[in-house]
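Index from 1, following the sequence. Just follow the structure's listing: the first ligand is 1, and inside any ligand the first atom is 1.
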Amino acid sequence: MATLERFHNIVDGGKATAASGRWFPSYNPFTGEAWAEIPHGDATDVDRAVIAADRAFTGGDWPKLTASARGKLLHRFADLVLSEAERLARIETRDNGKLFAEMSGQLRYIPEWFHYFGGLADKIEGAVLPMDKPNMFAFTRREPLGVVAAITPWNSPLLLLAWKLAPALAAGNTVVIKPSEFASASTLAFAELFAKAGFPKGVVNTVTGYGSEIGQSLTEHPLIAKIAFTGGDATGAQVGAAATRHLKHVTLELGGKSPNIVFADARLDNAVKGAVAGIFAASGQTCIAGSRLLVERSIHDDFVDRLLALARQAKLGDPAEAETQVGPITTEAQLKKVLSYIDIAKAEGAKLMLGGKRPEVPHLAQGWFVEPTIFAGVDNRMRIAREEVFGPVLSIIPFSDEDEAVSIANDNAYGLAAGVWTENARRALRMAERIRAGTVWINTYRAVSYLAPFGGMKRSGLGRESGMRAIDEYLQTKSVWMNLAEDFPNPFVLR
Ligand code: TXE
């Protein structure tokens, strides 16, 4: 067996192994084999990382930096990430099976979050308050929260981490990162770059291990001020409960069952591509997957034929190769989960139009692949239409008019994203207003930007990432009062 590459945690500015000395394997989903080893941390490691972050928040160089100097560090970090983009992209591809073609672009885009929030660092302003009391001067200060725990999932480790780190650091917090046990390697390689960029020690720390073992010690740690979490909604609910119990700030980016809605007047060629982008890109392992395709009845059969023709051509293969379009499922457990949902859909009476199994070709046999799968004749009450599969499984639901499309779209516990395909601008804007989701894409799908707030309504989460306001999620306001009078009147009444 080939030797496994070892990745280390970053704690207090240096590389760290687990206190117990244990390691756990990380698997390459294309080969199904272990390729790397990650420190198997426990509560001791959590404590060590959180204490380092707290020390860096309360003393040392970080709190002494001016906001402009903090911003410059973020810009420098962004440039370093750009210079290491290809290496980081290769690690993530190997570790979670995401296409290198997508990752190399993503790693060139991730620096923009650090530039954007780096630029915002010295534009965080308090206000002088127009006082209603004589001889009183008051102003507000916008202050960081303290130590932020950034908990990330396996499907897009670095992008989702950047969404948390950039505003958290720009606001002056320190951070402990807990990546998913299923794909920790790219995060550890990324975290190494903070010291190179000149960040003081302890500002960015990592702790690796199983969420079930260390999640609780992290979310309940008394020195953690805020939890920024992306992951499944069941874990999200637990994290939210821990945050509430221990009175911590929290943002939760959770799952989705997003409707991608095609009207008869849409540019159908584009809409077909949009449907594919929604569910087969990243093998459907994205929180924004357009997993419910709502198609207007009058074009339904024609549209399904066109979609089948395009989806059938999707090239499954080694995610490291440029021509591959659909890579493997990241984990073996997730593979089983996706296959079990395919069985559920069949049992519920949905009509299997494409895929529905692991590919039966020798060169993909070792990998955790599922064929692009399409079910038609889905009823919105079926589990396949209500629950997040997190895989390349599409449910097609017909609708008759705008009202019915809205009602089906909104009849779901989640509210993360939606797509609307129409050439009618008034209808597009009406739909954008009526759909209960944090993001609505019109004639496009699966687009994100550092400029655009992102987050969920309903069970899809709390809070927003990206965009100017995201920094507010990492700040708190302090009011400062100063008495300008020479005396202090009656002490027994409220001033
Ligand atoms: O995610 P978890 P898992 C969906 C997907 C998948 C399911 C579970 O359907 O099958 O969620 O996946 C950490 N306290 N999504 O188990 O558990 C964990 O170590 C604190 C949707 O991988 O949500 C990891 O770092 N943290 C999703 C992070 O939480 C805990 C993305 C997310 O893991 C913890 C991924 C605890 N008690 C999966 N338990 C999306 N919508 O983006 C675990 N963790």
Side-chain angles (χ1 to χ4, degrees), residues 24 26-27 29 38 40-43 46 50 95-98 149-161 163-164 176-188 206-221 224 227-246 248 250-258 282-289 291 329-341 368 370 383-384 386-393 413-417 438-439 446 448 454-456 459-461 465:
F24 67 90
S26 199
Y27 292 87
I38 307 293
H40 185 156
D42 55 28
V46 169
V50 175
D95 209 28
N96 83 345
K98 258 203 138 112
I151 303 179
T152 52
W154 43 259
N155 60 311
S156 216
L158 292 185
L159 184 68
L160 299 173
L161 178 60
W163 293 5
K164 297 166 180 52
V176 174
I177 305 164
K178 150 76 187 80
S180 167
E181 54 269 43
F182 297 112
S184 302
S186 57
T187 298
L188 300 187
T206 64
V207 57
T208 47
Y210 294 95
S212 55
E213 289 175 12
I214 61 173
Q216 197 180 354
S217 43
L218 184 60
T219 51
E220 299 191 353
H221 200 293
I224 294 286
I227 306 162
F229 173 89
T230 301
D233 63 331
T235 311
Q238 276 184 44
V239 168
T244 308
R245 251 191 336 269
H246 297 273
K248 298 179 189 308
V250 65
T251 43
L252 302 170
E253 301 289 352
L254 309 177
K257 194 74 197 177
S258 299
S283 301
Q285 301 173 106
T286 79
C287 48
I288 51 182
S291 50
I329 301 296
T330 300
T331 77
E332 200 170 9
Q334 187 64 23
L335 170 72
K336 288 186 183 141
K337 179 172 165 184
V338 174
L339 294 173
S340 79
Y341 268 106
W368 297 324
V370 177
R383 281 183 67 193
I384 196 65
R386 303 200 85 73
E387 297 172 20
E388 185 180 47
V389 176
F390 222 64
V393 181
Y414 295 108
L416 191 60
T439 295
R446 203 166 173 257
V448 295
F454 179 88
R459 250 196 111 71
S460 290
E465 298 188 306

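Lys248 places a side-chain N or O within donor-acceptor distance of the main-chain N or O of His221, the cut-off being under 3.5 Å. With hydrogens and angles disregarded, no donor-acceptor distance shorter than 3.5 Å links the side chain of Glu220 to the backbone of Ala242. A donor-acceptor pair under 3.5 Å links the side-chain atoms of Glu388 to the main chain of Gly256, judged by distance alone. In this structure, the side chain of Ser460 engages the main chain of Gly255 through a donor-acceptor pair within 3.5 Å. Side-chain atoms of Lys178 do not come within 3.5 Å of backbone N or O of Val207 as any donor-acceptor pair.
Only the backbone of Thr152 comes within 4.0 Å of ligand 1, counting heavy atoms alone; no side-chain atom from C-beta on gets that close. With a heavy-atom cut-off of 4.0 Å, Pro179 touches ligand 1 through its backbone alone. Under 4.0 Å from ligand 1, not a single heavy atom of Gln285 appears. Of all the heavy atoms of Leu254, the ones lying under 4.0 Å from any atom of ligand 1 belong exclusively to the backbone. When heavy-atom distances to ligand 1 are checked against a 4.0 Å cut-off, Lys178 comes that close through both its backbone and its side chain.
Atom CD of Glu465 and atom NZ of Lys164 lie 3.5 Å apart (nearest 0.5 Å). In this structure, the separation between OG on Ser283 and NZ on Lys98 is 9.5 Å, given to the nearest 0.5 Å.
Relative orientation of the Phe182 and Trp154 rings is perpendicular, given thresholds of 30° and 60° on the angle between their planes. The aromatic rings of Trp368 and Tyr27 are tilted relative to each other, their planes meeting at an angle between 30° and 60°.
For atom 44 (N) of ligand 1, the nearest protein heavy atom lies under 4.0 Å away. Inside a 4.0 Å radius of atom 8 (C) of ligand 1 there is not any protein heavy atom. For atom 17 (O) of ligand 1, the protein comes within 4.0 Å by at least one heavy atom.
Of the protein's non-hydrogen atoms, the one nearest atom 39 (N) of ligand 1 is Thr235 CG2, 3.4 Å. From the protein, the heavy atom lying nearest to atom 38 (C) of ligand 1 is Phe390 CE2, 3.8 Å. What sits closest to atom 10 (O) of ligand 1 on the protein, heavy atoms only, is Gln334 OE1, 2.5 Å. In terms of protein heavy-atom proximity, atom 27 (C) of ligand 1 is nearest to Gly231 C, 3.5 Å. Nearest protein neighbour of atom 1 (O) of ligand 1, counting heavy atoms only, is Gly232 N, 4.1 Å. Of all protein heavy atoms, the one lying nearest to atom 14 (N) of ligand 1 is Gly215 CA, 3.3 Å. The protein atom (non-hydrogen) at minimum distance from atom 35 (C) of ligand 1 is Pro153 CB, 3.5 Å. The closest protein non-hydrogen atom to atom 22 (O) of ligand 1 is Trp154 NE1, 2.6 Å.
Each of the atoms 14 (N), 20 (C) of ligand 1 lies under 4.0 Å from some heavy atom of Val239. Ligand-side atoms of ligand 1 in range of Glu181: 18 (C), 19 (O), range being under 4.0 angstrom from any heavy atom. Taking every heavy atom of Ile151 and a limit of under 4.0 angstrom, the matching atoms of ligand 1 come to 13 (C), 20 (C), 25 (O), 26 (N), 28 (C), 29 (O). In summary, the atoms of ligand 1 found under 4.0 Å from a heavy atom of Lys337, numbered by their order in the structure, are 5 (C), 6 (C), 7 (C), 9 (O), 10 (O). Short contacts between ligand 1 and Asn155, defined as distances under 4.0 Å to a heavy atom of the residue, involve ligand atoms 31 (C), 35 (C). Set against the non-hydrogen atoms of Gly255, the atoms of ligand 1 under 4.0 Å away are 41 (N).
A side chain to side chain contact (heavy atoms under 4.5 Å, CB included) with Leu161 holds for exactly one of Ile177, Thr206, Ile151; it is Ile177. If you run side chain to side chain contact (heavy atoms under 4.5 Å, CB included) between Gln285 and each of Asn96, Val389, Ile329, Val338, only Ile329 comes through.
Remark: the Asp95 side chain and the Ser186 side chain contain no N/O donor-acceptor pair separated by less than 3.5 Å.
Remark: ligand 1 and Glu253 share no N or O pair separated by less than 3.5 Å (distance only, no angle test). Looking at ligand 1, you'll find an N or O of Gln238 within less than 3.5 Å of one of its N or O atoms.
Pro157 has its side chain out of reach of Pro179: every pair of non-hydrogen atoms, C-beta onward, lies at least 4.5 Å apart.
The closest approach between a heavy atom of Phe229 and any atom of ligand 1 is below 4.0 Å.
Taking all heavy atoms of Ser180, Cys287, Gly391 into account, the minimum distance to atom 41 (N) of ligand 1 is reached by Cys287.
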